[in-house]
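For clarity, every value in this text was computed on a predicted model and none was experimentally measured. Lettering of chains follows the sequences in order, A, B, ..., and the numbering in each one begins at 1.
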There are 2 protein chains.
Amino acid sequence: MSREGVVAVALRVMREEGLERVTMRRLAAELDTGPASLYVYVRNTAELHGAMLDELVAELDQPAVQQGEDWREQLIRLLCSCTELLFAYPSLARSVLVLRPSGPHYLRLIDTILGLLLAGDVPIRQAAWGVDMLLQQAISMAAEQGSRDEAADAEGEERALAVAVIEAPSGTYPNIAHVRDEILSGDHEQRMRWCFATIIDGLCATR
Amino acid sequence: MSREGVVAVALRVMREEGLERVTMRRLAAELDTGPASLYVYVRNTAELHGAMLDELVAELDQPAVQQGEDWREQLIRLLCSCTELLFAYPSLARSVLVLRPSGPHYLRLIDTILGLLLAGDVPIRQAAWGVDMLLQQAISMAAEQGSRDEAADAEGEERALAVAVIEAPSGTYPNIAHVRDEILSGDHEQRMRWCFATIIDGLCATR
DNA sequence: ACCTGAACACCGTTCAAGT
DNA sequence: ACCTGAACACCGTTCAAGT
């Protein structure tokens with residue numbers, strides 16, 4: 001057994017049954033040992049999740065940054081693929097939102113995004129703070145959008161906001177009523193691209 | 001006993017001992033009954049958290065929107081106060097990130113933010129999508145920043161990214177090395193304001 | 001020295017049975 | 001009809017005791 005082995009089993013169980021089933025006890029059973037043994041390789045559940053994310057990020061293919069290329073489109077594409085990668089595992093996204101990942105593959109991702117921003121002549125300070133914001137946006141978008149099957153009962157619940165918006169009385173919430181048609185428009189893909197584009201625009205804006 | 005009563009007790013326990021202690025069993029004990037009784041008033045834990053957030057948002061004082069006022073500064077201030085409100089309860093922020101809140105006070109907040117954006121002549125579509133993005137940013141910033149005491153052991157862990165960034169070898173991660181000084185600069189307040197300002201800039205940018 | 005069984009101290013949710 | 005005790009099916013983490 002090794003740390004890598006534990007993480008590999010954890011990823012397999014997550015892919016097959018979701019993060020909810022990735023418990024220390026389940027992993028221990030899978031590895032034919034007691035739960036205490038895992039604490040030799042990982043400090044706690046949060047650290048395990050971090051290691052899992054890093055392994056997932058390794059699968060991402062990151063563009064080689066070239067000055068003058070269409071850095072904007074490349075950056076948006078990279079961020080979309082990050083979000084989509086995590087989309088299948090919203091609970092993992094939720095988990096890594098709190099314990100910020102810091103594995104080697106995640107650092108590589110930060111480095112690539114920074115490279116793209118700098119290639120686009122975004123000022124250093126804006127780029128440095130922006131990379132954080134862009135990744136946080138990617139992770140929280142994935143965390144928010146629950147995958148369809150992970151929480152079967154969520155169907156009724158998760159659209160509670162949508163229902164509330166549609167039914168919002170225009171007397172009490174005039175502005176919501178005013179933008180009602182737009183607020184729920186667009187599919188997930190469109191909104192995702194739009195969010196990243198908006199932040200990038202903000203980073204480029206001279207203030 | 002009533003739904004309001006349950007939520008009120010839940011808020012008290014959260015304020016005194018943190019969301020971690022707000023369990024169905026603990027709440028039931030507090031109300032001198034069995035845990036099953038709570039399910040008469042709330043569907044599940046997630047719904048309870050949603051109701052708690054709505055009550056918290058009610059405490060926020062929201063500006064009356066006036067055309068021509070400094071909508072930008074008002075909006076940033078409102079968003080900062082949202083973030084700060086949730087800052088004390090990062091676990092609640094994490095919870096509501098997935099089950100999007102839709103209570104009356106939260107709708108009021110959406111309406112106010114929309115009003116400010118529209119007062120600033122942000123196009124309807126941009127405003128409608130933007131309000132979502134701004135609130136998500138506020139909630140996830142709160143979720144990310146763990147309050148100091150809630151996870152006492154986090155001190156060593158939470159700055160893992162910071163340590164990794166500082167120690168990132170410039171050969172492997174040239175861009176991180178290049179912006180090293182900026183990436184960790186600024187305090188929480190500065191970065192929070194900067195994030196909101198950046199998104200608002202992006203929303204105003206004509207594309 | 002390294003590993004782990006068993007225990008500690010809990011969970012959310014359901015449902016049969018009581019009032 | 002409304003409410004709830006007790007049970008079901010689990011958790012993460014620790015530590016004393018074994019190899």
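- In this structure, A:His49 atom NE2 and D:dG12 atom C1' are separated by 11 Å, rounded to whole Å.
- A salt bridge does not link A:Arg12 to A:Glu17: none of the charged nitrogens lies less than 4.0 Å from a carboxylate oxygen.
- Remark: the separation of the P atoms in D:dA9 and C:dA9 is 24 Å, to the nearest Å.
- The CZ-C1' distance, from B:Arg26 to D:dC11, rounds to 19 Å in whole Å.
- Protein atom CD of A:Glu20 is 12 Å distant from nucleotide atom P of D:dG12, rounded to whole Å.
- Nucleotide D:dT4 holds its P atom 16 Å from the CZ atom of B:Arg25, rounded to whole Å.
- Between A:Leu38 atom CG and D:dT13 atom P there is a gap of 11 Å when expressed in whole angstrom units.
- Remark: the backbone N or O of B:Leu116 is not paired with any side-chain donor or acceptor of B:Arg72 at under 3.5 angstrom.
- Using C1' as the reference atom, C:dC2 and D:dA16 are 14 Å apart when rounded to the nearest Å.
- Rounded to whole Å, atom P of C:dG12 lies 15 Å from atom CD of B:Glu47.
- Of the nucleotides present, none pairs with D:dC10 by Watson-Crick or G-U wobble criteria with both distances under 3.5 Å.
- For C:dA6 and C:dC10, the P atoms lie 23 Å apart once the distance is rounded to whole Å.
- Heavy-atom nearest nucleotides on DNA chain D were determined for B:Tyr41 and for A:Ala36, and the one closer to the 5' end corresponds to B:Tyr41.
- With distances taken from any side-chain atom of B:Ser37 to the nucleotides D:dG12, D:dT4, C:dG12, the minimum falls on D:dT4.
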Test side-chain contact (heavy atoms from CB on, under 4.5 Å) on A:Tyr89 and A:Leu19 and set out the steps.
CA-CA 7 Å; A:Tyr89 314 108; A:Leu19 188 68; over 6 Å; no
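- The partner of C:dC15, taking Watson-Crick or G-U wobble pairs whose two distances both stay under 3.5 Å, is D:dG5.
- The closest donor-acceptor contact from the side chain of B:Asp201 to the backbone of A:Ala205 lies at 3.5 Å or more, if one exists at all.
- The existence of a salt bridge linking A:Arg193 and A:Glu73 is confirmed by a sub-4.0 Å separation between a basic side-chain nitrogen and an acidic carboxylate oxygen.
- B:Met24 has its CE atom 5 Å from the P atom of C:dT13, to the nearest Å.
- The side chain of B:Thr33 contributes an N or O atom lying less than 4.0 Å from OP1 or OP2 of D:dT4.
- Going from atom CZ of A:Arg21 over to atom P of D:dC11 covers 8 Å, rounded to whole Å.
- Between A:Thr45 and the phosphate of D:dT13, there is a side-chain N or O to OP1/OP2 separation shorter than 4.0 Å.
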